[in-house]
Amino acid sequence: MEPYDAKAIEEKWQSIWDAEQAFHVDNPKPGAAPDEHFYMLEMLPYPSGSLHMGHVLNYTLGDVVTHFRRRHGLTVLRPMGFDSFGLPAENAAIKDGGHPLEITERNMEAIRVQMRRMGWAIDWQREVSAHEPTFYHWTQWLFLKFLEHGLAYRKEAPVNWCPNDQTVLANEHVVDGRCWRCGFVVEVRNMAQWFFKITAYADALLEDLATIDWPERTKKIQTSWIGRSEGAEVLFRVEELDIDIPVFTTRPDTLFGATFFVVAPESPLVGQLSDSEEVTAYARVAAVRPTEEREQREKTGIFTGRHATNPVNGEQIPIWVSDYVLMEYGTGAIMAVPAHDERDREFAEAFDLPIVPVIDEDGKLINSGEFDGLPYEEAKRAIIESLSAHGMAKPAINYRLRDWSFSRQRYWGCPIPVIYCGECGIVPVPEDQLPLLLPEVDDYRPKGQPPLATNEEFINVPCPKCGSPGRREADTMDTFVDSSWYFLRYTDPHNDHAPFERSIADYWMPIDQYIGGIDHAKGHLLYSRFFVKAMNDFGMLGFREPFQRLFHQGWVLLDGKRMSKSQGGVSPNELIDRFGADAIRIYILFQGPADQDIDWTPDGIEATARFIRRLWRVVHEAAAQPPSPAGVDTALARKAHETIARFSDDIDRRFVFNTPISAVMELVNELSKAPDDPAARFTAETAVSLLQPYTPHVAEELWSVLGHEERLWTSPWPTHDEALLQRDTIELVLQVNGKVRDRIQVPAGLPEDQLIALARASEKVQAHLNGAGRRVIVVPDKLVNIVA
RNA sequence: GCCGGGGUGGCGGAACUGGUCAGACGCGCCCGACUUAAAAUCGGGUGGCCCUCGGGCCGUGCGGGUUCAAGUCCCGCCCCCGGCACCA
């Protein structure tokens, strides 16, 4: 027996896989009968450095599923690519010199090498990268489709500005008021920006969650991010100015308790309502106050001198301006019900405004005229109905979700293909002029204007429509635009006349299993759903959801912190050198359930390396044994069949990846205790075959040691013999008063009365049983419980 | 504050539909074999307390409950993680 040499074995099989293009799959030939197929995808890496252990977990998981499904006879599409536009490469270029392109491609090459060394079964013929013109050509083309359908638009709006990265951020990427990338406090600025109209799909995005197999917590995150609330829009009339101000409320049942009215300081209403210097001054100061301060400080506000009419009772209620009312939500004006809203109460107490309760402890209306006595849920409907008869209210729905601002004032991204013309306005770059290539610039540093704006040749172009001098858009796209459709490009990656052929995308999609971090719950995973729905509406796709099943791997923690780069001693490359890829693969899945965080331990990887050496030795010993006869029926053979059943069920039905390894470890332990069992050889084959998705290199090597000529990675998955799992004797547990007192071996399938007789015959049972026993519980083939 | 997930040996975790003395598998630790020695490897032990060595009692965050039987179901509470949060 040769000693186990991970390096030699792994390099050997990796070369064979490369040479044989082992994991490439073709698209279906036109007219061919569709075979059973499976689209396995993990979120693509961002090439900011090399891979870390978090990636190793993500892609090893996907790899196990890929092999498992392949060996069940499915054609598995498992591509890979790079999310290669974006800030980190650009910032690295600014900091250390060099071009973002060079840095990106260098990182990509390092990652490709790592992925090959990990032995992942990837179809490299389908590789796509966001920064390649052959890809962003179609990102631009898609943008134009969205523009054409009114789902992309430009407008001036308050947006999140990161003063460090010098760019606008989407709401989804402001975390606790800070930039998700650099952690700087985000400012609000009024700027003209590009938006995708994701709000048009708010209801579809909510409803279709019911059609996909996703973790509940992820659905919950998206649901609360979309934040649908049902209520009413109610008009409050200001007689003196002859205007009606709409407010949104979820509690129209409390209208009789609306004792004052409040307008957000940013609202254009402020100017209409008052020209007093104090009011204007308050509004000006309050509007620019940082959000954090607005939330924490005591309620502030100022009376405008105006009154609004409460439509339910005609009462004149004072109109105030206060920064506790948000411009972004609803209409930027509210009716205040201090008796039933905590914030309104605080304000009323601070400014000594009347508080009128309108709902009693039983949830019935009081002080509400004709509606008194109605349960509040009924009152909601009744009051809206009554008001809408006079055109003063209508049912309304509000969302927390805002449109996705996707223009970035940075260099390393996909250029937005439009030209501004003094005559024609926003003019799309004609399709036949795509791709609009990202030009060179002298300086990537953002200096108040996007870097592309400094390239005169790029910027100054004639209008494609009228020919008069125009200016090109200098912003680039958020990288989340690229990742909102990359999974579609994989299906038809070399198409040069369309982003993809619809029939091909429809064949592979939706993705059968998607794996990635939960940190993308309300960003990438929401944007992609929006893109697919929109493209379905454009007639480009025949489905409405991109990711049928979703799984989130846990984080790999080092000293309690998420691994985000390859730290010394924990870099996948160093670990491959020391232990081999197979040991790392098994380690990362053995530590615990794959959706739980795992703490990096050096002991753990030593242990899995030890297991592989043990497997090596035990399988070599078994290879010296004669072949096991067909249908061999020994305790060891049964254990092997049991292991096949457990292992397969764990991955297939339960989607757990740690317990299958335990099961094979148990089997190998048994085998090493019975090296000359007639089933020894069969058991070794079973163990190797089951482990193949986890440890493809050593499994392949041992498969040939066991005398097999055929490739294990293309061999059918082992099946267990159900008959062998049926035991003819079982261990019967005997309980007295619910406590186990004895365990006896009995033939399987005995009738209840015989089981009871056997139980009563047990000395140990008798010792604990004083008297006959009032009641006996029998679970056939499992236990007898005698209750005294 | 609201919503979601979770608390099991020294550690990571297992126990899937209430039913095989809860703790599989692995780490760590202890004992032994091999060795001049160590490493590696192999074998055995390892929840706590008590023991006449037969076994007994206790034990899955805390307190109650349902049941012949609860880590698993119900009620109340504590703690940890995540999402949302002046959203009207």
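Letters A, B, ... mirror the listed sequences (proteins, then strands); counts begin at 1.
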Exercise for the section: Show your working on salt bridge (Lys or Arg N to Asp or Glu O under 4.0 Å) between Glu621(A) and Arg617(A) and close with a plain yes or no. Expected result: CA-CA 6 Å; Glu621(A) 282 164 15; Arg617(A) 182 173 54 80; 3.5 Å; yes
Exercise for the section: Please state how far atom CG in Asp595(A) lies from atom P in G6(B), giving the value in whole angstrom units. Expected result: 10 Å
Practice task
Scan Pro215(A) against the nucleic acid and name what it touches under 4.0 Å (heavy atoms): base, sugar-phosphate only, or nothing.
Solution key: nothing
Practice task
Please work out whether G43(B) sits syn or anti, treating a glycosidic angle within 90° of 0 as syn.
Solution key: anti
Exercise for the section: Give one of base, sugar-phosphate or nothing for Gln591(A), where a contact means two heavy atoms less than 4.0 Å apart. Expected result: sugar-phosphate
Practice task
Applying ring-ring contact (aromatic ring centres under 6.0 Å, His included) between Phe261(A) and each of Phe236(A), Phe303(A), Trp320(A), report the one that passes.
Solution key: Phe236(A)
Practice task
Can you measure from CZ (Arg228(A)) to OH (Tyr399(A)) and round to the nearest 0.5 angstrom?
Solution key: 4.5 Å
Practice task
Would you mind classifying the nucleic acid contact of Asn658(A) as base, sugar-phosphate or nothing, using non-hydrogen atoms under 4.0 angstrom?
Solution key: sugar-phosphate
Problem - Whole-Å distance separating the CD1 atom of Ile226(A) from the P atom of C84(B) - result: 13 Å
Fill in the blank from the handout: Of the listed C68(B), U20(B), A88(B), the closest approach to the Val733(A) side chain comes from U20(B)
Handout entry: Assigned partner base of G4(B), Watson-Crick or wobble definition, under 3.5 Å
Key = C81(B)
Handout entry: Anti or syn - G54(B), cut at 90° from 0
Key = syn
Practice task
Indicate, with a heavy-atom threshold strictly under 4.0 Å, whether Val262(A) touches base, sugar-phosphate, or nothing.
Solution key: nothing
Fill in the blank from the handout: With the side chain defined as heavy atoms from C-beta on, Tyr329(A) is closest, among A88(B), G83(B), G56(B), to A88(B)
Fill in the blank from the handout: For Ile598(A) and Gln591(A), the nearest pair of non-hydrogen atoms, with its separation, is CG2-CB, 3.8 Å
Handout entry: Residue Arg617(A), side-chain heavy atoms: nucleotide from C68(B), C42(B), G13(B) that is nearest
Key = C42(B)
Practice task
Using a heavy-atom cut-off of under 4.0 Å over every strand shown, decide if Gln735(A) touches base, sugar-phosphate, or nothing.
Solution key: base
Exercise for the section: Starting from the C-alpha separation in whole Å, work towards a yes-or-no answer on side-chain hydrogen bond (donor to acceptor under 3.5 Å, both in side chains) for Glu172(A) and Trp404(A). Expected result: CA-CA 8 Å; Glu172(A) 287 78 11; Trp404(A) 169 16; 5.5 Å; no
Exercise for the section: Using the C1' atom on both, measure A22(B) against U8(B) and round to a whole Å. Expected result: 8 Å
Handout entry: Nucleotide paired to U60(B) in any strand shown, Watson-Crick or G-U, under 3.5 Å
Key = none
Practice task
Mark yes or no for whether Lys639(A), through its side chain, and Thr683(A), through its backbone, hold a donor-acceptor pair below 3.5 Å.
Solution key: no
Problem - More than 12 heavy atoms from other groups under 6.0 Å of CD on Glu342(A) - result: no
Practice task
Scan Arg217(A) against the nucleic acid and name what it touches under 4.0 Å (heavy atoms): base, sugar-phosphate only, or nothing.
Solution key: sugar-phosphate
Exercise for the section: Look at all strands and tell whether Arg653(A) reaches a base, only sugar-phosphate, or nothing, counting heavy atoms closer than 4.0 Å. Expected result: base
Exercise for the section: Give the rounded distance in Å between these two atoms: CZ of Arg741(A) and C1' of C57(B). Expected result: 10 Å
Exercise for the section: Grab the CG-C1' distance between Leu557(A) and G12(B) for me, whole Å please. Expected result: 12 Å
Problem - Gap in Å between the two C1' atoms, one belonging to G59(B) and one to A15(B), rounded - result: 16 Å
Practice task
Could you check which nucleotide pairs with G10(B) in any of the strands shown, counting Watson-Crick or G-U wobble with both distances under 3.5 Å?
Solution key: C27(B)
Practice task
Round to a whole Å and report the spacing from CH2 of Trp225(A) to P of G82(B).
Solution key: 17 Å
Completion exercise
By nearest-nucleotide position on RNA chain B, the 5'-leaning member of Asp649(A) and Leu783(A) is Asp649(A)
Problem - Given G83(B), U20(B), A69(B), the nucleotide with the shortest approach to the side chain of Asn785(A) - result: A69(B)
Fill in the blank from the handout: In whole angstroms, the gap separating C1' of G13(B) from CZ of Phe657(A) amounts to 17 Å
Problem - OH/Tyr376(A): more than 12 non-hydrogen atoms of other groups inside 6.0 Å - result: no
Do any N or O atoms of the protein come closer than 3.5 Å to N or O atoms of nucleotides 58-60 of chain B, and which pairs are they?
| from | atom 1 | to | atom 2 | distance (Å) |
| --- | --- | --- | --- | --- |
| C58(B) | OP2 | Lys739(A) | NZ | 3.1 |

Handout entry: Atom-pair distance (CD1 on Ile777(A); C1' on A70(B)), nearest Å
Key = 15 Å
Exercise for the section: Report the C-alpha separation of Lys299(A) and Glu346(A) in whole Å, then their side-chain angles, then the decisive distance to 0.1 Å, and conclude whether the salt bridge (Lys or Arg N to Asp or Glu O under 4.0 Å) test is met. Expected result: CA-CA 7 Å; Lys299(A) 293 274 182 291; Glu346(A) 277 173 33; 3.2 Å; yes
Completion exercise
Note: for Arg646(A) and Lys220(A) on RNA chain B, the residue whose nearest nucleotide lies more 5' is Lys220(A)
Extract from the structure each pairing of a protein N or O with an N or O of nucleotides 25-30 of chain B at less than 3.5 Å, listing the distance.
| from | atom 1 | to | atom 2 | distance (Å) |
| --- | --- | --- | --- | --- |
| G26(B) | OP1 | Asn669(A) | ND2 | 3.2 |
| C27(B) | OP1 | Arg610(A) | NH1 | 2.5 |

Solution key, residues 325-332 of chain A side-chain donor-acceptor pairs under 3.5 Å, sequence neighbours excluded:
| from | atom 1 | to | atom 2 | distance (Å) |
| --- | --- | --- | --- | --- |
| Tyr329(A) | OH | Ser229(A) | OG | 2.7 |
| Thr331(A) | OG1 | Pro246(A) | O | 2.7 |
| Thr331(A) | OG1 | Ala333(A) | O | 3.3 |

Fill in the blank from the handout: Looking only at heavy atoms, the pair that brings Val358(A) and Thr254(A) closest together is CG2-CA, 3.8 Å
Problem - Nearest listed nucleotide, side chain of Arg343(A), among C84(B), C87(B), A14(B) - result: C87(B)
